[in-house]
Amino acid sequence: MSYADHPLMEKVKEAKEVLWLNPQYESADVHKIADLTIENIIEAEERLKRFAPYIEATFPETKETKGIIESPLKEIGKMKSLMEKNSNCPIKGNLLLKCDSHLPISGSIKARGGIYEVLKHAEDLALSEGLLSYESDYSILKEDRFKEFFSRYKIAVGSTGNLGLSIGIMSAALGFKVYVHMSADARQWKKDLLRRKGVNVIEYESDYSKAVEEGRMQSNMDPLSYFVDDENSKALFMGYSVAALRLANQLKDMGIEVDEDHPLFVYLPCGVGGGPGGVTFGLKQIYGPNVHCFFAEPTHAPCMLLGMMTGLHDKISVQDIGLDNITEADGLAVGRPSGFVGKIMEAILSGIFTIEDNKLYKYLSMLADSENIFIEPSAAAGFDGPAWLMSSPEGKEYIDSMNLHSKMDNACHIVWATGGSMVPDTIMMSYYHKGKSIR
Ligand SMILES: *Cc1c(COP(=O)(O)O)cnc(C)c1O
(Lines give C-alpha, C1' and ligand atoms only; values in the text may rest on other atoms or scores of the structure.)
Protein backbone atom coordinates (compact mmCIF):
# COMPACT_ATOMS: atom_id res chain seq x y z
CA MET A 1 0.00 0.00 0.00
CA SER A 2 1.39 3.37 -0.92
CA TYR A 3 1.26 5.92 1.87
CA ALA A 4 -1.23 7.94 -0.14
CA ASP A 5 -3.77 5.11 0.31
CA HIS A 6 -3.93 5.40 4.06
CA PRO A 7 -7.60 5.69 5.08
CA LEU A 8 -7.06 8.98 6.95
CA MET A 9 -4.85 10.54 4.29
CA GLU A 10 -7.61 12.34 2.38
CA LYS A 11 -8.82 14.11 5.50
CA VAL A 12 -5.30 14.98 6.60
CA LYS A 13 -4.56 16.43 3.15
CA GLU A 14 -7.70 18.55 3.32
CA ALA A 15 -6.59 19.89 6.73
CA LYS A 16 -9.60 18.27 8.42
CA GLU A 17 -9.49 17.32 12.08
CA VAL A 18 -8.75 13.64 12.72
CA LEU A 19 -7.88 11.24 15.52
CA TRP A 20 -5.35 8.64 14.46
CA LEU A 21 -4.91 5.58 16.66
CA ASN A 22 -1.42 4.13 16.55
CA PRO A 23 -1.68 0.52 15.28
CA GLN A 24 1.81 -0.26 16.60
CA TYR A 25 0.96 0.79 20.14
CA GLU A 26 1.79 -1.95 22.63
CA SER A 27 -0.28 -1.81 25.76
CA ALA A 28 2.26 -4.00 27.53
CA ASP A 29 5.12 -2.43 29.50
CA VAL A 30 7.84 -1.01 27.32
CA HIS A 31 10.82 -0.33 29.51
CA LYS A 32 13.79 -0.02 27.30
CA ILE A 33 13.56 1.86 24.06
CA ALA A 34 16.43 2.95 21.84
CA ASP A 35 18.83 2.19 24.70
CA LEU A 36 17.09 4.68 26.96
CA THR A 37 15.76 3.63 30.36
CA ILE A 38 14.57 5.14 33.62
CA GLU A 39 18.25 5.36 34.61
CA ASN A 40 18.80 8.00 31.95
CA ILE A 41 15.91 10.03 33.34
CA ILE A 42 17.27 9.81 36.87
CA GLU A 43 20.70 10.87 35.62
CA ALA A 44 19.12 13.95 34.01
CA GLU A 45 17.25 14.75 37.19
CA GLU A 46 20.47 14.47 39.20
CA ARG A 47 22.16 16.91 36.85
CA LEU A 48 19.33 19.42 37.33
CA LYS A 49 19.73 19.02 41.09
CA ARG A 50 23.45 19.78 40.84
CA PHE A 51 22.62 22.99 38.99
CA ALA A 52 19.82 24.02 41.35
CA PRO A 53 22.01 26.26 43.57
CA TYR A 54 23.22 28.11 40.46
CA ILE A 55 19.70 28.46 39.05
CA GLU A 56 18.39 29.70 42.38
CA ALA A 57 21.16 32.29 42.66
CA THR A 58 20.73 33.47 39.07
CA PHE A 59 16.94 33.45 38.58
CA PRO A 60 15.13 34.86 41.64
CA GLU A 61 11.79 33.46 40.40
CA THR A 62 13.10 29.98 41.29
CA LYS A 63 13.73 30.86 44.92
CA GLU A 64 10.58 29.19 46.15
CA THR A 65 11.48 25.87 44.49
CA LYS A 66 15.17 26.19 45.47
CA GLY A 67 16.35 26.34 41.88
CA ILE A 68 14.22 23.49 40.56
CA ILE A 69 12.40 24.55 37.39
CA GLU A 70 8.93 23.09 37.82
CA SER A 71 5.32 24.06 37.09
CA PRO A 72 2.07 23.56 39.01
CA LEU A 73 -0.43 20.81 38.28
CA LYS A 74 -3.93 22.22 38.76
CA GLU A 75 -7.39 20.74 38.84
CA ILE A 76 -9.52 22.81 36.44
CA GLY A 77 -13.09 21.91 37.39
CA LYS A 78 -14.63 25.14 36.12
CA MET A 79 -12.98 24.71 32.73
CA LYS A 80 -14.23 21.15 32.64
CA SER A 81 -17.83 22.30 33.25
CA LEU A 82 -17.50 24.97 30.57
CA MET A 83 -16.13 22.45 28.08
CA GLU A 84 -18.96 20.05 28.85
CA LYS A 85 -21.54 22.80 28.43
CA ASN A 86 -20.08 23.99 25.13
CA SER A 87 -19.69 20.56 23.58
CA ASN A 88 -22.65 18.81 25.16
CA CYS A 89 -20.29 15.98 25.91
CA PRO A 90 -19.66 14.88 29.50
CA ILE A 91 -16.02 14.24 30.44
CA LYS A 92 -15.75 11.26 32.73
CA GLY A 93 -13.06 11.53 35.42
CA ASN A 94 -11.27 14.69 36.50
CA LEU A 95 -9.50 17.27 34.39
CA LEU A 96 -6.10 18.73 35.27
CA LEU A 97 -3.84 21.29 33.65
CA LYS A 98 -0.06 20.89 33.68
CA CYS A 99 1.01 24.51 33.71
CA ASP A 100 4.30 24.44 31.77
CA SER A 101 2.93 27.74 30.47
CA HIS A 102 4.16 29.05 33.79
CA LEU A 103 7.54 27.33 34.08
CA PRO A 104 10.07 29.81 35.46
CA ILE A 105 12.83 31.40 33.35
CA SER A 106 11.31 30.98 29.89
CA GLY A 107 7.59 30.25 30.29
CA SER A 108 7.28 27.15 28.12
CA ILE A 109 7.96 23.43 28.04
CA LYS A 110 11.30 24.34 26.39
CA ALA A 111 12.50 25.43 29.83
CA ARG A 112 12.83 21.67 30.46
CA GLY A 113 14.76 20.30 27.49
CA GLY A 114 16.40 23.49 26.24
CA ILE A 115 17.78 24.64 29.54
CA TYR A 116 18.84 21.11 30.44
CA GLU A 117 20.92 20.74 27.30
CA VAL A 118 22.69 24.07 27.84
CA LEU A 119 23.48 23.12 31.44
CA LYS A 120 24.79 19.73 30.37
CA HIS A 121 27.04 21.31 27.77
CA ALA A 122 28.33 23.88 30.28
CA GLU A 123 28.99 21.11 32.78
CA ASP A 124 30.84 18.99 30.20
CA LEU A 125 33.08 21.92 29.28
CA ALA A 126 33.81 22.96 32.87
CA LEU A 127 34.47 19.37 33.96
CA SER A 128 36.87 18.66 31.14
CA GLU A 129 38.73 21.86 31.90
CA GLY A 130 38.99 20.86 35.58
CA LEU A 131 37.06 23.93 36.71
CA LEU A 132 34.28 21.93 38.30
CA SER A 133 33.59 18.54 39.87
CA TYR A 134 30.29 16.79 40.59
CA GLU A 135 30.81 17.62 44.26
CA SER A 136 31.21 21.38 43.69
CA ASP A 137 28.59 23.86 44.81
CA TYR A 138 27.47 24.88 41.32
CA SER A 139 26.60 28.41 42.43
CA ILE A 140 30.28 29.17 41.71
CA LEU A 141 29.23 29.18 38.05
CA LYS A 142 28.04 32.73 38.66
CA GLU A 143 31.61 33.89 39.13
CA ASP A 144 33.27 36.03 36.45
CA ARG A 145 35.97 33.45 35.75
CA PHE A 146 33.25 31.04 34.52
CA LYS A 147 31.54 33.70 32.43
CA GLU A 148 34.86 34.48 30.86
CA PHE A 149 35.53 30.79 30.26
CA PHE A 150 32.13 30.18 28.63
CA SER A 151 32.43 33.34 26.52
CA ARG A 152 35.07 31.55 24.47
CA TYR A 153 32.34 29.17 23.26
CA LYS A 154 29.25 29.55 21.13
CA ILE A 155 25.86 27.91 21.32
CA ALA A 156 23.51 27.90 18.33
CA VAL A 157 19.95 26.69 17.77
CA GLY A 158 17.18 26.82 15.17
CA SER A 159 13.74 27.61 16.54
CA THR A 160 10.17 28.74 15.96
CA GLY A 161 10.58 30.88 19.09
CA ASN A 162 10.30 29.17 22.44
CA LEU A 163 13.35 26.93 22.14
CA GLY A 164 15.30 30.04 21.16
CA LEU A 165 14.05 31.77 24.30
CA SER A 166 15.14 28.94 26.57
CA ILE A 167 18.51 28.36 24.96
CA GLY A 168 19.12 32.08 24.55
CA ILE A 169 18.29 33.11 28.11
CA MET A 170 20.21 30.26 29.75
CA SER A 171 23.26 30.45 27.49
CA ALA A 172 23.51 34.22 27.83
CA ALA A 173 23.25 33.96 31.63
CA LEU A 174 26.19 31.54 31.73
CA GLY A 175 28.24 33.77 29.44
CA PHE A 176 28.14 31.87 26.13
CA LYS A 177 27.88 33.65 22.80
CA VAL A 178 24.46 32.63 21.51
CA TYR A 179 23.05 32.47 17.99
CA VAL A 180 19.35 31.80 17.56
CA HIS A 181 18.16 31.04 14.03
CA MET A 182 14.49 31.98 13.93
CA SER A 183 11.94 30.74 11.39
CA ALA A 184 9.42 33.08 9.77
CA ASP A 185 6.71 31.94 12.23
CA ALA A 186 8.60 33.30 15.23
CA ARG A 187 6.75 36.15 16.92
CA GLN A 188 8.41 39.56 16.88
CA TRP A 189 8.32 39.96 20.68
CA LYS A 190 10.35 36.77 21.12
CA LYS A 191 13.07 38.11 18.83
CA ASP A 192 13.03 41.51 20.56
CA LEU A 193 13.27 39.95 24.01
CA LEU A 194 16.27 37.83 23.01
CA ARG A 195 18.09 40.75 21.44
CA ARG A 196 17.64 42.70 24.65
CA LYS A 197 19.42 39.86 26.45
CA GLY A 198 22.39 40.09 24.11
CA VAL A 199 21.46 37.11 21.96
CA ASN A 200 22.26 37.18 18.23
CA VAL A 201 19.00 36.56 16.40
CA ILE A 202 19.20 35.53 12.74
CA GLU A 203 15.88 35.69 10.90
CA TYR A 204 14.68 33.51 8.03
CA GLU A 205 11.81 33.97 5.64
CA SER A 206 11.26 30.25 5.43
CA ASP A 207 10.02 27.72 7.97
CA TYR A 208 11.57 25.95 10.92
CA SER A 209 13.35 23.18 8.96
CA LYS A 210 15.34 25.78 7.02
CA ALA A 211 16.27 27.72 10.17
CA VAL A 212 17.56 24.50 11.73
CA GLU A 213 19.46 23.48 8.61
CA GLU A 214 21.20 26.85 8.27
CA GLY A 215 21.93 27.06 11.99
CA ARG A 216 23.38 23.58 12.02
CA MET A 217 25.56 24.28 8.99
CA GLN A 218 26.96 27.55 10.32
CA SER A 219 27.59 26.06 13.74
CA ASN A 220 29.34 22.99 12.36
CA MET A 221 31.91 25.17 10.64
CA ASP A 222 33.15 26.41 14.00
CA PRO A 223 34.77 23.87 16.36
CA LEU A 224 34.02 26.08 19.38
CA SER A 225 30.33 26.22 18.52
CA TYR A 226 27.78 23.75 19.90
CA PHE A 227 24.54 23.19 18.03
CA VAL A 228 21.40 22.27 19.97
CA ASP A 229 19.77 19.94 17.47
CA ASP A 230 16.03 19.97 18.16
CA GLU A 231 15.47 17.26 15.54
CA ASN A 232 17.97 14.75 16.90
CA SER A 233 19.06 15.63 20.41
CA LYS A 234 19.03 12.96 23.10
CA ALA A 235 19.93 15.54 25.76
CA LEU A 236 16.87 17.64 24.98
CA PHE A 237 14.73 14.53 25.08
CA MET A 238 16.06 13.46 28.47
CA GLY A 239 15.58 16.97 29.84
CA TYR A 240 11.90 16.81 28.89
CA SER A 241 11.51 13.33 30.32
CA VAL A 242 12.31 14.51 33.86
CA ALA A 243 8.84 16.10 33.86
CA ALA A 244 7.41 12.61 34.32
CA LEU A 245 9.16 11.98 37.64
CA ARG A 246 7.99 15.36 38.93
CA LEU A 247 4.45 14.81 37.69
CA ALA A 248 4.27 11.45 39.43
CA ASN A 249 5.14 13.19 42.71
CA GLN A 250 2.55 15.90 42.12
CA LEU A 251 -0.16 13.32 41.43
CA LYS A 252 0.78 11.46 44.57
CA ASP A 253 0.64 14.67 46.61
CA MET A 254 -2.84 15.35 45.23
CA GLY A 255 -3.96 11.86 46.17
CA ILE A 256 -4.60 10.89 42.56
CA GLU A 257 -4.01 7.24 41.86
CA VAL A 258 -2.80 5.83 38.57
CA ASP A 259 -3.13 2.07 38.29
CA GLU A 260 -5.05 -0.64 36.46
CA ASP A 261 -8.37 0.77 37.66
CA HIS A 262 -7.42 4.44 37.42
CA PRO A 263 -6.24 5.26 33.90
CA LEU A 264 -4.31 8.43 33.18
CA PHE A 265 -4.78 10.26 29.87
CA VAL A 266 -2.30 12.93 28.82
CA TYR A 267 -2.76 15.30 25.88
CA LEU A 268 0.42 16.96 24.62
CA PRO A 269 0.87 19.61 21.92
CA CYS A 270 3.49 18.43 19.41
CA GLY A 271 5.87 20.33 17.14
CA VAL A 272 9.01 18.46 16.15
CA GLY A 273 8.23 15.90 18.86
CA GLY A 274 10.99 16.19 21.46
CA GLY A 275 8.96 17.86 24.20
CA PRO A 276 5.86 15.66 24.12
CA GLY A 277 7.99 12.64 23.21
CA GLY A 278 10.28 13.05 26.19
CA VAL A 279 7.34 13.45 28.56
CA THR A 280 5.61 10.40 27.06
CA PHE A 281 8.76 8.32 27.34
CA GLY A 282 9.11 9.26 31.00
CA LEU A 283 5.47 8.61 31.84
CA LYS A 284 5.54 5.18 30.18
CA GLN A 285 8.60 4.28 32.25
CA ILE A 286 6.65 5.08 35.39
CA TYR A 287 3.09 4.04 34.65
CA GLY A 288 3.47 1.50 31.82
CA PRO A 289 0.12 0.53 30.30
CA ASN A 290 -1.87 2.65 32.77
CA VAL A 291 -0.96 5.91 31.07
CA HIS A 292 -2.32 6.79 27.64
CA CYS A 293 -0.53 9.59 25.81
CA PHE A 294 -1.93 11.47 22.82
CA PHE A 295 -0.23 14.21 20.81
CA ALA A 296 -2.10 17.23 19.44
CA GLU A 297 -1.06 18.99 16.23
CA PRO A 298 -2.47 21.83 14.08
CA THR A 299 -4.46 20.66 11.05
CA HIS A 300 -2.01 22.59 8.85
CA ALA A 301 1.14 21.13 10.44
CA PRO A 302 0.46 17.50 11.41
CA CYS A 303 4.07 16.42 10.89
CA MET A 304 4.33 13.72 13.57
CA LEU A 305 0.98 12.26 12.52
CA LEU A 306 2.18 12.07 8.94
CA GLY A 307 5.57 10.60 9.88
CA MET A 308 4.15 7.94 12.17
CA MET A 309 1.09 7.05 10.10
CA THR A 310 3.18 6.45 7.00
CA GLY A 311 6.17 5.03 8.88
CA LEU A 312 8.32 7.47 6.91
CA HIS A 313 9.10 9.65 9.96
CA ASP A 314 11.49 12.45 8.95
CA LYS A 315 11.45 11.28 5.32
CA ILE A 316 8.12 13.02 4.76
CA SER A 317 6.94 16.58 5.33
CA VAL A 318 3.49 18.16 5.43
CA GLN A 319 4.43 20.09 2.30
CA ASP A 320 4.86 16.75 0.50
CA ILE A 321 1.12 16.17 0.78
CA GLY A 322 0.21 19.72 -0.17
CA LEU A 323 -0.26 21.28 3.27
CA ASP A 324 1.19 24.75 3.87
CA ASN A 325 2.52 24.43 7.47
CA ILE A 326 0.92 27.80 8.19
CA THR A 327 -0.64 27.96 11.64
CA GLU A 328 -1.21 30.49 14.39
CA ALA A 329 0.26 27.89 16.74
CA ASP A 330 3.80 29.14 16.23
CA GLY A 331 5.26 26.62 18.69
CA LEU A 332 3.84 23.78 16.60
CA ALA A 333 4.60 25.14 13.13
CA VAL A 334 6.87 22.29 12.12
CA GLY A 335 6.59 20.58 8.73
CA ARG A 336 8.92 17.64 9.28
CA PRO A 337 9.02 15.60 12.49
CA SER A 338 12.02 14.30 14.40
CA GLY A 339 12.72 10.81 13.09
CA PHE A 340 14.52 9.91 16.28
CA VAL A 341 11.48 10.73 18.41
CA GLY A 342 8.95 9.20 16.01
CA LYS A 343 10.71 5.84 16.15
CA ILE A 344 10.76 5.87 19.95
CA MET A 345 7.03 6.68 19.94
CA GLU A 346 6.12 3.69 17.73
CA ALA A 347 5.40 1.36 20.62
CA ILE A 348 4.35 3.84 23.32
CA LEU A 349 2.20 6.60 21.82
CA SER A 350 -1.55 5.89 21.82
CA GLY A 351 -2.48 8.29 19.05
CA ILE A 352 -2.45 11.78 17.57
CA PHE A 353 -5.28 14.21 16.91
CA THR A 354 -5.33 17.44 14.95
CA ILE A 355 -7.04 20.71 15.80
CA GLU A 356 -8.05 23.83 13.88
CA ASP A 357 -6.43 27.14 14.79
CA ASN A 358 -9.73 28.83 15.68
CA LYS A 359 -10.36 26.34 18.44
CA LEU A 360 -6.99 27.15 20.04
CA TYR A 361 -8.14 30.73 20.59
CA LYS A 362 -11.54 29.57 21.77
CA TYR A 363 -9.99 27.31 24.42
CA LEU A 364 -7.53 30.05 25.37
CA SER A 365 -10.35 32.46 26.22
CA MET A 366 -12.45 29.75 27.89
CA LEU A 367 -9.53 28.91 30.18
CA ALA A 368 -9.02 32.58 30.97
CA ASP A 369 -12.71 33.08 31.77
CA SER A 370 -13.14 29.92 33.83
CA GLU A 371 -9.82 29.61 35.65
CA ASN A 372 -8.07 32.95 35.10
CA ILE A 373 -5.12 31.09 33.55
CA PHE A 374 -3.59 32.56 30.37
CA ILE A 375 -1.73 30.38 27.88
CA GLU A 376 -0.52 30.84 24.31
CA PRO A 377 -2.43 29.40 21.31
CA SER A 378 -0.05 26.43 20.78
CA ALA A 379 -0.48 25.45 24.40
CA ALA A 380 -4.25 25.00 24.02
CA ALA A 381 -3.98 22.23 21.42
CA GLY A 382 -4.56 19.42 23.94
CA PHE A 383 -8.03 20.51 25.04
CA ASP A 384 -9.84 18.56 22.34
CA GLY A 385 -8.41 15.31 23.75
CA PRO A 386 -11.18 14.36 26.19
CA ALA A 387 -13.91 15.00 23.59
CA TRP A 388 -12.13 12.89 20.99
CA LEU A 389 -11.87 10.07 23.48
CA MET A 390 -15.41 10.30 24.86
CA SER A 391 -17.45 10.96 21.77
CA SER A 392 -15.73 10.00 18.52
CA PRO A 393 -15.94 6.52 16.99
CA GLU A 394 -12.13 6.33 17.09
CA GLY A 395 -12.06 7.29 20.76
CA LYS A 396 -14.65 4.69 21.60
CA GLU A 397 -12.67 2.13 19.64
CA TYR A 398 -9.62 2.95 21.74
CA ILE A 399 -11.51 2.69 25.02
CA ASP A 400 -13.03 -0.64 23.96
CA SER A 401 -9.78 -2.11 22.72
CA MET A 402 -8.03 -1.21 25.99
CA ASN A 403 -10.94 -2.48 28.09
CA LEU A 404 -11.28 0.89 29.76
CA HIS A 405 -15.02 1.35 29.56
CA SER A 406 -15.84 0.53 33.18
CA LYS A 407 -12.85 2.55 34.44
CA MET A 408 -13.55 5.89 32.84
CA ASP A 409 -15.29 7.32 35.90
CA ASN A 410 -11.95 6.92 37.70
CA ALA A 411 -9.94 8.46 34.89
CA CYS A 412 -7.66 11.45 35.18
CA HIS A 413 -7.14 13.67 32.12
CA ILE A 414 -4.15 15.98 31.96
CA VAL A 415 -4.01 18.70 29.34
CA TRP A 416 -0.39 19.80 28.98
CA ALA A 417 -0.33 23.60 28.64
CA THR A 418 3.05 24.11 27.02
CA GLY A 419 3.60 27.87 27.02
CA GLY A 420 2.32 31.37 27.62
CA SER A 421 3.59 33.31 30.63
CA MET A 422 6.17 35.27 28.62
CA VAL A 423 3.59 36.61 26.14
CA PRO A 424 3.33 40.41 26.57
CA ASP A 425 -0.03 41.51 28.06
CA THR A 426 -1.25 43.43 25.03
CA ILE A 427 -0.63 40.46 22.76
CA MET A 428 -2.28 38.08 25.21
CA MET A 429 -5.32 40.36 25.31
CA SER A 430 -5.58 40.26 21.54
CA TYR A 431 -5.49 36.43 21.68
CA TYR A 432 -8.17 36.49 24.34
CA HIS A 433 -10.46 38.79 22.35
CA LYS A 434 -9.96 36.71 19.24
CA GLY A 435 -11.10 33.68 21.21
CA LYS A 436 -14.14 35.53 22.51
CA SER A 437 -15.17 36.44 18.97
CA ILE A 438 -15.17 32.80 17.85
CA ARG A 439 -18.43 30.96 18.30
C1 LIG B 1 7.97 23.63 21.27
C2 LIG B 1 6.60 23.69 21.76
C3 LIG B 1 5.78 22.55 21.77
C4 LIG B 1 6.17 21.22 21.23
O5 LIG B 1 7.47 20.76 21.48
P6 LIG B 1 8.27 19.98 20.35
O7 LIG B 1 9.48 19.50 21.02
O8 LIG B 1 8.56 20.96 19.24
O9 LIG B 1 7.35 18.91 19.85
C10 LIG B 1 4.51 22.69 22.26
N11 LIG B 1 4.04 23.86 22.71
C12 LIG B 1 4.80 24.97 22.74
C13 LIG B 1 4.23 26.24 23.27
C14 LIG B 1 6.10 24.92 22.25
O15 LIG B 1 6.84 26.03 22.26
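Every number for a ligand or one of its atoms is a count from 1 in the order of the listing.
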Worksheet item: Does the ring center of Phe237 lie less than 6.0 Å from the ring center of Phe340?
Response: yes
Discussion item. Taking side-chain contact (heavy atoms from CB on, under 4.5 Å) as the definition, give me every residue that meets it alongside Glu371, ordered by chain and number, with sequence neighbours left out.
Written reply: Ile76, Lys78, Met79, Leu367, Ile373
Discussion item. Going by the rule side-chain contact (heavy atoms from CB on, under 4.5 Å), which residues pair with Asn249 if we only count those two or more places apart in sequence or in a different chain?
Written reply: Lys252
Worksheet item: Would Glu75 and Lys80 satisfy salt bridge (Lys or Arg N to Asp or Glu O under 4.0 Å), going step by step from the backbone distance to the final call?
Response: CA-CA 9 Å; Glu75 180 147 10; Lys80 182 182 164 194; over 6 Å; no
Discussion item. Centroid separation under 6.0 Å, is that true for the rings of Phe294 and Phe353?
Written reply: no
Worksheet item: What residues, two or more places apart in sequence or in another chain, satisfy side-chain hydrogen bond (donor to acceptor under 3.5 Å, both in side chains) together with His300?
Response: Asp324
Put together the list of close N/O pairs, under 3.5 Å, between ligand 1 and the protein, could you?
| from | atom 1 | to | atom 2 | distance (Å) |
| --- | --- | --- | --- | --- |
| ligand 1 | 7 (O) | Gly274 | N | 3.2 |
| ligand 1 | 7 (O) | Gly275 | N | 2.7 |
| ligand 1 | 8 (O) | Val272 | N | 3.0 |
| ligand 1 | 9 (O) | Gly271 | N | 2.8 |
| ligand 1 | 9 (O) | Val272 | N | 3.2 |
| ligand 1 | 9 (O) | Gly273 | N | 2.7 |
| ligand 1 | 11 (N) | Thr418 | OG1 | 2.6 |
| ligand 1 | 15 (O) | Lys110 | NZ | 2.7 |
| ligand 1 | 15 (O) | Asn162 | ND2 | 2.7 |

